[in-house]
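None of these values were measured; they are calculated from a predicted model. When a residue number appears, it is its place in the shown sequence, counting from 1.
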Amino acid sequence: MANDDTRESWIGNSVYASNHPKDNSNAVQRRRHRRNLPSVDSFPELNGTEPHLPEATKGPTFFKIFIILAAILGLGSFCFFLLGNQISGKKTNSLLDALYFCVVTMTTVGYGDLVPSSTLAKLLASTYVFAGMALNGLILGKAADYILEKQQVLLVRAMHINERVGQAEIVKEVESHKIRYNFLTSLVLVVVLTILGIVFLSVIEKLKFVDAFYCVCVTISTLGYGDKSFLTTGGRIFAVFWILASTICVVRFFFYLAELYTESRQRSFIKWVLTRNITRSDLEAADLDHYKVISAAEFVVYKIQEMGKISQEDVTAILERFRNLDVDHSGALTASDLVQAGN
């Protein structure tokens with residue numbers, strides 16, 4: 001009951017005061033004499049748990065992503081296989097070349113070792129490249145995130161290999177430093193795929209180390225000059241999987257690098273907001289009901305606004321929602337309010 005009473009007064013007093021001018025003095029007095037200010041521990045639902053999301057908002061599963069990718073690659077490969085005589089360049093196996101051409105096209109690597117030579121093939125390739133770019137952006141990015149999240153636990157476990165760390169501690173560590181571990185995981189994957197590509201090109205395609213490294217760099221960056229590429233049957237089988245994985249991981253690596261920089265800037269700004277001296281103008285701005293007494297709720301809202309996590313329009317909309325739910329105008333929400341409001 002103490003926590004419930006504290007929570008009601010903490011959230012409701014400011015709203016109640018704005019709705020009932022005659023009772024403003026009572027509201028101020030209640031806030032002046034209230035000593036048990038709420039903490040995060042008073043609200044278990046705020047202690048690190050996230051709201052349950054409907055299944056429809058969680059995005060495609062890895063299996064669905066795989067099915068969509070297989071369908072797009074299968075359809076493209078079939079079309080380019082039928083147009084095999086209208087594609088010129090260095091060929092190996094007709095079906096493999098069609099699949100390889102699809103991957104090189106949809107990832108925008110575009111070596112130039114296989115090129116469309118007829119009007120129909122050029123139109124089909126032009127359409128397919130945009131379909132591939134959309135797939136990379138909307139679907140394969142989610143697949144990469146899924147794989148990275150699966151590797152994060154392994155990365156944290158490896159970093160604490162000499163410590164006795166339970167699964168719960170690992171999950172908590174990952175969640176609290178999610179962007180950093182996404183960045184580190186994507187970096188590890190990029191390094192592994194780079195080394196794998198260099199070794200394969202050196203051994204199977206018989207390229208010198210410098211040429212192999214050069215080919216890997218122009219591939220994963222999607223430059224694709226074309227002077228060095230995969231020309232053997234084994235090389236193109238490897239390339240189908242390696243090009244997809246490496247180009248996506250490089251994109252995600254730079255995406256998480258930018259996020260990591262942004263998060264660092266945000267943390268510095270938040271630290272400044274929380275530690276700077278409070279001025280009289282801050283108190284005036286935080287006083288939502290304009291009665292020269294700042295409650296914990298008003299102070300929290302003001303600081304969250306200052307951090308840029310919520311706008312004044314958001315606060316106004318939330319307060320309006322509270323007023324609509326507070327049917328008895330008591331300045332606090334009860335079960336009877338919700339019943340009368342029809343919730």
Side-chain angles (χ1 to χ4, degrees), residues 62 65-66 69-70 72-74 76-78 80-81 84 87-116 125 128-129 132 135-136 140-141 143-148 150-152 154-155 158 161 183-257:
F62 186 75
I65 293 171
F66 176 78
L69 175 61
I72 292 178
L73 283 176
S77 299
F78 178 73
F80 288 117
F81 173 76
I87 296 178
S88 58
K90 300 172 183 178
K91 298 182 179 180
T92 56
N93 176 274
S94 298
L95 185 58
L96 176 60
D97 289 342
L99 178 59
Y100 170 76
F101 181 73
C102 285
V103 172
V104 170
T105 300
M106 71 184 298
T107 56
T108 70
V109 171
Y111 286 128
D113 50 357
L114 292 175
V115 294
Y128 194 79
V129 69
L135 179 69
N136 280 335
L140 293 185
D145 289 341
Y146 175 86
I147 295 172
L148 289 174
K150 293 298 182 182
Q151 301 304 314
Q152 286 173 7
L154 296 178
L155 179 63
I161 192 170
F183 169 76
L184 292 176
T185 306
S186 61
L187 174 61
V188 170
L189 289 177
V190 168
V191 171
V192 170
L193 288 169
T194 298
I195 294 174
L196 186 61
I198 292 173
V199 171
F200 192 91
L201 285 166
S202 300
V203 175
I204 304 300
E205 296 292 336
K206 308 300 181 183
L207 296 181
K208 295 179 181 179
F209 174 80
V210 173
D211 291 335
F213 177 72
Y214 164 78
C215 183
V216 167
C217 290
V218 298
T219 299
I220 64 178
S221 62
T222 70
L223 279 174
Y225 289 131
D227 52 338
K228 302 295 180 182
S229 62
F230 298 87
L231 303 178
T232 65
T233 300
R236 288 187 174 176
I237 293 175
F238 170 79
V240 166
F241 301 99
W242 179 79
I243 291 175
L244 278 174
S246 59
T247 52
I248 292 170
C249 283
V250 167
V251 171
R252 305 311 286 180
F253 166 75
F254 284 107
F255 171 76
Y256 289 127
L257 177 62

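From Asp97, atom CG reaches atom CD1 of Ile87 across 8.5 Å, with rounding to the nearest 0.5 Å. The line from CZ of Phe254 to OG of Ser186 is 10.0 Å long, rounded to the nearest 0.5 Å. Note that the OG1 atom of Thr194 and the CG atom of Leu189 stand 10.5 Å from one another [nearest 0.5 Å]. Between the OG1 atom of Thr185 and the OH atom of Tyr256 there is a distance of 9.0 Å, given to the nearest 0.5 Å. Between the CG atom of Leu99 and the CZ atom of Phe78 there is a distance of 14.5 Å, given to the nearest 0.5 Å.
Between Met106 and Leu69, some side-chain heavy-atom pair lies under the 4.5 Å cut-off. Side-chain contact check for Phe101 versus Val104: every heavy-atom pair is 4.5 Å or farther apart. Annotation: side chain of Phe253 is not in contact with side chain of Ile220 (no heavy-atom distance under 4.5 Å). When side chains are defined from C-beta on, Ile204 does not count as touching Ile237, because their heavy atoms never get closer than 4.5 Å. Using a 4.5 Å heavy-atom cutoff, the side chains of Trp242 and Val216 are in contact.
Of all non-hydrogen atoms in Ser77 and Ala98, the two that sit nearest each other are O-CB, 3.4 Å. For the pair Thr219 and Thr247, the tightest heavy-atom approach, listed with the atom from each and the gap, is O-CG2, 3.6 Å. Between Cys249 and Leu193 the shortest heavy-atom distance is SG-CD1, 3.9 Å. Asp113 approaches Ser229 most closely through the heavy-atom pair OD2-OG, 3.1 Å. Leu231 and Thr92 make their closest contact through O-CG2, 3.2 Å (heavy atoms, listed as atom of the first residue, atom of the second, distance). Asn93 approaches Leu96 most closely through the heavy-atom pair OD1-N, 3.1 Å.
Every residue was checked against the ring pair (Phe, Tyr, Trp, His ring centres under 6.0 Å) condition with Tyr100, not counting sequence neighbours, and none meets it.
Atom OH of Tyr214 sits in a crowded spot, with more than 12 heavy atoms from other residues, nucleotides or ligands closer than 6.0 Å.
Screening residues 184-209 for salt bridge (Lys or Arg N to Asp or Glu O under 4.0 Å), with sequence neighbours left out, gives no hits.
Ring geometry for Tyr128 versus Phe80: interplanar angle over 60°, hence perpendicular rather than tilted (30 to 60°).
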Under 3.5 Å, side-chain donor or acceptor atoms of residues 195-202 against the rest of the protein: list the pairs with distances, not counting sequence neighbours.
{"from": "Ser202", "atom 1": "OG", "to": "Ile198", "atom 2": "O", "distance (Å)": "2.8"}

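Looking only at distances, a side-chain donor or acceptor of Lys91 sits under 3.5 Å from a matching main-chain atom of Gly84.
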